[in-house]
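Note on naming: letters A, B, ... go to the chains in the order of the sequence lines (proteins, then strands), and numbering restarts at 1 for each one. FYI, side chains are in, hydrogens and waters are out, and symmetry mates aren't considered; it's all heavy atoms of this structure. On a predicted model such as this, the values are computed, not experimentally measured, just so you know.
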Amino acid sequence: MYKDTNCGEPRESAVGSQITVAGWVHRRRDHGNLIFIDLRDRSGLLQIVFNPEYSQTAHDLAGSLRSEWVVQITGKVVRRLPGAENPDLPTGAVELSATDLVVLNRALTPPFEIADDIEVDENTRLKYRFIDLRRPRMQRALKLRHEVTHIMWDFLTAKGFTQVETPILIKSTPEGARDYVVPSRIHPGEFYALPQSPQQLKQLLMVSGLERYFQIARCFRDEDLRADRQPEHTQLDFEMSFVHQDDVMAIVEELYSRIVHETVPDGTISAPFVRLTYAESMDRFGTDKPDLRFGMELSTVTEIAARSDARVFQSVASSGGSIRGFIAPGCGNYGRRQTDELTEFAKQSGAQGLVFIALDESAESIEKLEDDHIKSPLKKFLSVEIVRELATKMGAGPGDLMLIVAGANRLVNTVLSNLRNEMARRLEFVDEKHFAFAWIYDFPLFDWDEDLKKWEPAHHVFSSPKPEHMQYLDTDPGKVLANLFDLVCNGSEMGSGSIRIHDRDLQARMFSIIGYTEDQISERFGQLLTAFSYGAPPHGGMGLGLDRLVAILVGEQAIREVIAFPKTQSAVDPLFEAPSPITDQQLEELHVRVVMPRS
RNA sequence: GGUCCCGUGGUGUAGCGGCCUAACACGCCUCCCUGUCAAGGAGGAGAUCGGCAGUUCAAAUCUGCUCGGGAUCGCCA
């Protein structure tokens with residue numbers, strides 16, 4: 001070994017011992033006859049002193065050290081001079097008085113500083129990711145990520161789960177997200193696909209009698225990227241046989257509680273996890289992934305607003321849309337600039353506009369609300385009576401700001417749920433150390449696709465309908481709820497699960513409801529249906545996003561921050577410069593011809 | 001596919017028609033310095049302002065296109 005001690009380890013108890021450390025020169029402070037080095041390794045920082053009285057040669061060499069050089073240093077741990085301790089450093093009571101210095105490798109000046117508080121262009125960071133990852137914050141994220149998967153392995157192993165690796169080269173199924181595709185050399189004109197999830201494979205493992213399977217699985221989707229979406233992401237994929245929905249939830253609840261407690265000791269968690277039906281979540285929050293760390297729940301005021309003289313309200317109500325809103329408490333004094341910002345924000349989410357009604361705090365109560373107390377761009381269309389009714393319905397009081405959006409149901413929900421999160425951010429309602437986990441369940445089995453004029457599976461085709469809704473399967477598919485549930489936390493979807501269909505005929509019926517022909521069914525799902533004919537147990541499971549979980553635990557918005565080598569928004573890896581063209585010879589071997597798009 | 005924001009020495013920013021021969025901080029280089037820890041002091045090097053085209057007597061600054069990064073809607077079973 002090049003070292004017998006890690007930089008972050010020495011404490012007062014080590015004073016007097018001779019140690020050898022190795023690491024990177026974090027900073028050098030050269031006082032001429034006395035040189036200080038902060039030496040960094042994965043464990044932290046240790047101050048090294050080069051004093052010519054102890055070693056002239058080491059001191060001479062130390063003068064030439066530069067940032068990020070890799071060095072090995074031997075010396076004696078000494079107590080720092082009184083008053084020279086550094087309380088900000090865990091090793092701050094001691095320092096290493098160097099007797100030997102070996103330069104293991106020199107380094108170019110890094111393109112950016114190795115520090116947590118830097119703000120460097122992300123492309124530069126990714127291009128030099130190997131340096132970016134030297135930052136303590138990044139190391140913390142990677143280590144925490146490891147800790148999380150370690151807990152998952154431990155926990156699930158103890159619960160009788162078996163980890164199975166499923167193939168990365170599988171068959172393309174054109175529904176859902178776009179597949180990443182790999183050409184076959186051996187079979188000209190044929191392609192593998194990278195899995196979007198090991199869904200069918202794990203269901204087959206249930207038929208195989210494994211009963212409890214899990215995998216930290218890489219999943220691939222060729223869709224546009226976002227802060228929380230990468231072309232490849234990792235999920236905890238698991239499946240269990242002979243279970244009901246509650247059994248699946250219970251396992252996850254125990255596991256995730258443990259993960260939070262062990263990785264974020266000062267974090268708080270809502271236990272048991274909140275449970276909301278999909279319908280209730282949409283009604284109260286306008287989204288199926290509500291942030292439950294704060295209130296500001298939505299109200300529906302279509303009927304009241306439609307009785308006002310405002311034409312926007314009347315026309316939306318008569319065309320079957322909805323008028324909904326929520327209260328921003330204490331924001332009745334918002335000025336033009338603030339309301340403009342919010343309007344702009346709402347428009348970004350697709351709203352035509354945003355209606356404000358501010359109630360002056362001088363009003364004694366809603367009952368005693370006077371015309372003077374009301375401020376709104378729509379004021380001349382709103383009678384005091386209507387405003388009183390609205391305020392009562394929405395729960396507004398003097399000094400509050402009512403935010404109202406009118407439009408198509410879905411749009412109104414999108415806008416208001418985004419706006420609700422934005423207001424919480426502005427009003428600092430968000431507790432960063434609280435993890436508000438919730439189960440959203442009773443999702444509909446199908447969504448109506450207006451463009452294609454057909455039913456689409458709300459999550460995926462393998463989820464089972466609730467038994468009591470089976471009767472509507474053919475007559476009114478939109479009415480059928482599924483044994484389908486999402487785990488959400490702080491406004492993010494953490495994963496999705498369901499009790500699957502294990503009956504061959506029912507699964508085949510599902511495929512035909514969403515419009516697959518017999519040929520398509522046997523071509524794409526033949527193996528699953530066949531397997532179901534050979535004794536498939538009732539089963540269910542989940543896919544839980546690891547990247548998002550770790551991001552939430554470390555308080556990052558973008559999952560790029562918790563992925564060692566992520567891609568940019570255009571799906572490029574700036575470090576390796578992937579994707580890239582391949583040689584003509586490779587193309588020929590793969591029987592692939594490239595047709596560039598006309599520009 | 002759409003919308004919005006950003007692009008100036010190595011890094012982060014300022015400048016937003018002529019005062020720019022581009023400013024500041026950090027970093028870098030040289031020298032000085034025995035107690036610093038974002039060390040300090042003195043001096044120095046380094047950018048033609050993402051690219052192209054245009055408007056103008058004059059462009060980092062205005063316009064168009066384009067490239068790159070980010071956010072977001074669509075999309076993501």
Side-chain angles (χ1 to χ4, degrees), chain A residues 26-39 45-54 59 63 66-68 78 80-89 91-92 95 97 108-128 131 173-179 196-197 199-200 219-231 233 344-351 411 414-415 418 422 443 445-447 449 451 455-463 484 493 496 498 510-511 514 516 524 543 545 557-558 560 567-570 572 574 599:
Chain A
H26 189 64
R27 240 175 269 276
R28 180 181 57 121
R29 293 178 292 280
D30 188 342
H31 289 236
N33 266 322
L34 198 60
I35 298 171
F36 296 96
I37 299 286
D38 289 336
L39 193 68
L45 294 177
L46 178 64
Q47 173 161 286
I48 319 287
V49 202
F50 293 93
N51 190 328
E53 290 168 19
Y54 293 99
H59 179 269
R66 292 293 181 271
S67 268
E68 297 307 305
V78 298
R80 291 199 185 187
L81 295 181
E85 300 90 355
N86 184 349
D88 296 333
L89 218 55
T91 59
E95 61 194 7
S97 181
L108 296 174
T109 303
F112 48 83
E113 203 186 339
I114 317 299
D116 278 346
D117 51 1
I118 58 164
E119 267 181 52
V120 179
D121 172 63
E122 210 173 328
N123 211 30
T124 308
R125 285 179 54 201
L126 291 181
K127 205 165 174 169
Y128 294 94
I131 296 171
T173 51
E175 58 279 332
R178 291 186 193 89
D179 282 327
Q196 295 178 26
S197 94
Q199 183 62 33
Q200 289 194 64
C219 304
F220 304 87
R221 289 172 192 179
D222 187 5
E223 294 292 346
D224 287 359
L225 284 73
R226 288 285 193 286
D228 60 354
R229 280 190 236 156
Q230 284 274 307
H233 73 278
E344 189 47 43
F345 183 88
K347 284 182 174 170
Q348 265 227 328
S349 296
L411 181 75
T414 305
V415 173
N418 287 344
E422 171 67 12
F443 276 84
L445 189 54
F446 299 107
D447 279 335
D449 188 318
D451 295 333
W455 291 101
E456 290 282 343
H459 272 61
H460 62 54
V461 264
F462 310 109
S463 300
L484 219 176
E493 183 188 324
S496 179
S498 66
M510 284 289 296
F511 290 135
I514 59 173
Y516 290 162
R524 293 176 195 171
Q557 295 297 313
R560 291 186 300 269
K567 311 252 184 314
T568 67
Q569 199 165 83
S570 54
V572 164
S599 49

Using a cut-off of under 3.5 Å, enumerate the N/O to N/O pairs linking the protein to nucleotides 11-13 of chain B.
unit_1	atom_1	unit_2	atom_2	d
B/U11	O4'	A/P111	O	3.3
B/G12	OP1	A/D121	N	2.6

* For A/T109, does its backbone N or O pair with a side-chain atom of A/R66 as donor and acceptor, under 3.5 Å? -> no
* Side chain A/R226 and base B/G74 donor-acceptor under 3.5 Å -> yes
* For A/R178 and B/C75, is the shortest distance between a side-chain N/O and OP1 or OP2 below 4.0 Å? -> no
* To do: From the options B/G70, B/G35, B/A38, select the nucleotide whose nearest atom is closest to the side chain of A/T568.
  => B/G70
* What nucleic acid atoms does A/E95 come within less than 4.0 Å of, heavy atoms only: base, sugar-phosphate, or nothing? -> base
* **side-chain contact (heavy atoms from CB on, under 4.5 Å) assessment of A/D38 paired with A/Q47** => CA-CA 5 Å; A/D38 289 336; A/Q47 173 161 286; 4.1 Å; yes
* Asked: Within this structure, what is the NE2-to-C1' distance between A/H59 and B/G35, rounded to whole angstrom?
  -> 12 Å
* Asked: Which part of the nucleic acid, if any, lies within reach of A/D88 when heavy atoms closer than 4.0 Å are counted: base, sugar-phosphate only, or nothing?
  -> nothing
* Asked: When you compare B/G9 with B/A60, how far apart are their C1' atoms, in angstrom units rounded to a whole number?
  -> 14 Å
* Asked: Does B/C28 have OP1 or OP2 sitting under 4.0 Å from an N or O in the side chain of A/T109?
  -> no
* Pairwise C1' distance for B/U63 and B/G17, with rounding to whole Å -> 13 Å
* Could you tell me the separation between the CG atom of A/D30 and the C1' atom of B/C32, rounded to a whole number of Å? => 10 Å
* To do: Please work out if A/A84 contacts a base, only the sugar-phosphate, or nothing of the nucleic acid, heavy-atom cut-off 4.0 Å.
  => base
* **A/T91 (side chain) donor-acceptor with A/L45 (main chain) under 3.5 angstrom** => yes
* **Rounded distance in Å between the P positions of B/A23 and B/U48** => 13 Å
* Asked: Partner of B/C76 by Watson-Crick or G-U wobble geometry, both contacts under 3.5 Å, or none?
  -> none
* Rounded interatomic separation in angstrom, taking CG from A/D116 and P from B/A38 -> 14 Å
* To do: Classify the side chain of A/R229 and the base of B/C75 as holding, or not holding, a donor-acceptor pair under 3.5 Å.
  => yes
* Asked: Does CD belonging to A/E223 count more than 12 external heavy atoms closer than 6.0 Å?
  -> yes
* To do: Check whether any side-chain N or O of A/Q230 sits under 3.5 Å from a backbone N or O of A/K567 as a donor-acceptor pair, and report yes or no.
  => yes
* Asked: Under 3.5 Å, is there a donor-acceptor pair between the side chain of A/E68 and the main chain of A/P110?
  -> no
* Specify the residue among A/V572 and A/Q196 whose closest nucleotide of RNA chain B lies further upstream toward the 5′ end. => A/V572
* Nearest to the side chain of A/S67 - B/C28, B/U34, B/C37? -> B/C28
* Classify the nucleic acid contact of A/E85 as base, sugar-phosphate or nothing, counting any heavy atom under 4.0 Å across all strands shown. => base
* **Length of the CG-P vector between A/D117 and B/G27, whole Å** => 13 Å
* Check the geometry between A/H31 and B/A39 and answer yes if their rings are stacked (centres below 5.5 Å, planes below 30°), otherwise no. => yes
* Provide, to the nearest angstrom, the distance between the NZ atom belonging to A/K567 and the C1' atom belonging to B/G68. => 18 Å
* For A/R524, answer base if it contacts any base atom (sugar-phosphate contacts may also be present), sugar-phosphate if it contacts only those atoms, and nothing otherwise; contact means non-hydrogen atoms under 4.0 Å. => nothing
* Describe the nucleic acid contact of A/A227 in one word from base, sugar-phosphate, nothing, applying a heavy-atom distance below 4.0 Å. => sugar-phosphate
* Asked: Quick one: is B/G10 close enough that its OP1 or OP2 comes under 4.0 Å of any side-chain N or O from A/R125?
  -> no
* To do: For the side chain of A/N123, starting at C-beta, report the closest nucleotide among B/U34, B/G68, B/C37.
  => B/G68
* Presence of A/Q569 side-chain N/O under 4.0 Å of B/A71 phosphate oxygens OP1/OP2 -> yes
* **Base-pairing assignment for B/G43 (Watson-Crick or G-U wobble, both under 3.5 Å)** => B/C29
* Step through the shown structure and confirm whether more than 12 heavy atoms of other residues, nucleotides or ligands are within 6.0 Å of CZ on A/R178. => no
* Asked: Just wondering, more than 12 heavy atoms not from A/F345 lying within 6.0 Å of its CZ?
  -> yes
* Distance between the P atoms of B/G54 and B/G12, in whole angstroms? -> 31 Å
* Hey, does the side chain of A/N33 come within less than 4.0 Å of B/U34's phosphate (OP1/OP2), counting only N and O? -> yes
* Asked: So what does A/D224 touch, heavy atoms closer than 4.0 Å: a base, only the sugar-phosphate, or nothing?
  -> base
* Using atom CZ of A/F345 as one end and atom P of B/U72 as the other, report the distance to the nearest whole Å. => 10 Å
* Determine: side-chain N/O of A/R29 to OP1/OP2 of B/U36, distance under 4.0 Å, yes or no. => no
* To do: Consider only side-chain N and O atoms of A/R524 and A/Q200, and report whether a donor and an acceptor are under 3.5 Å apart.
  => no
* Given the C1' atoms of B/C73 and B/G10, what is the spacing between them in whole Å? -> 37 Å
* **Nearest-angstrom distance, C1' atom, B/C20 to B/A14** => 12 Å
* Structure fact -> Heavy-atom nearest nucleotide on RNA chain B taken for A/A458 and for A/Q47; more 5' hit belongs to A/Q47
* Phosphate OP1/OP2 of B/C73: any A/T414 side-chain N/O under 4.0 Å -> no
* Considering only NZ, NE, NH1 and NH2 on the basic side and carboxylate oxygens on the acidic side, decide whether A/R229 and A/D224 come within less than 4.0 Å. => no
* Please determine if a side-chain N or O atom of A/R66 lies less than 4.0 Å away from the OP1 or OP2 oxygen of B/U30. => yes
* Can you tell me how far C1' in B/G74 sits from the matching atom in B/C6, rounded to whole Å? -> 23 Å
* **Distance, P atom - from B/A45 to B/U72, rounded to whole angstrom** => 45 Å
* Structure fact -> Checking N1-N3 plus N6-O4 or O6-N4 for Watson-Crick, or N1-O2 and O6-N3 for wobble, each under 3.5 Å, the partner of B/C57 is B/G18
* Whether over 12 other heavy atoms sit under 6.0 Å from A/Y516 OH -> yes
* **Complementary nucleotide for B/G68 - Watson-Crick or wobble, under 3.5 Å** => B/C6
* Send over the distance from A/R27 CZ to B/G27 P, rounded to a whole Å. => 8 Å
* Who does B/G35 pair with, Watson-Crick or G-U, both distances under 3.5 Å? -> none
* **Distance-minimising heavy-atom pair for A/S498 and A/L484** => CB-CA, 3.9 Å
* Structure fact -> Rounded to whole Å, the CG-P distance (A/L46 to B/U36) equals 18 Å
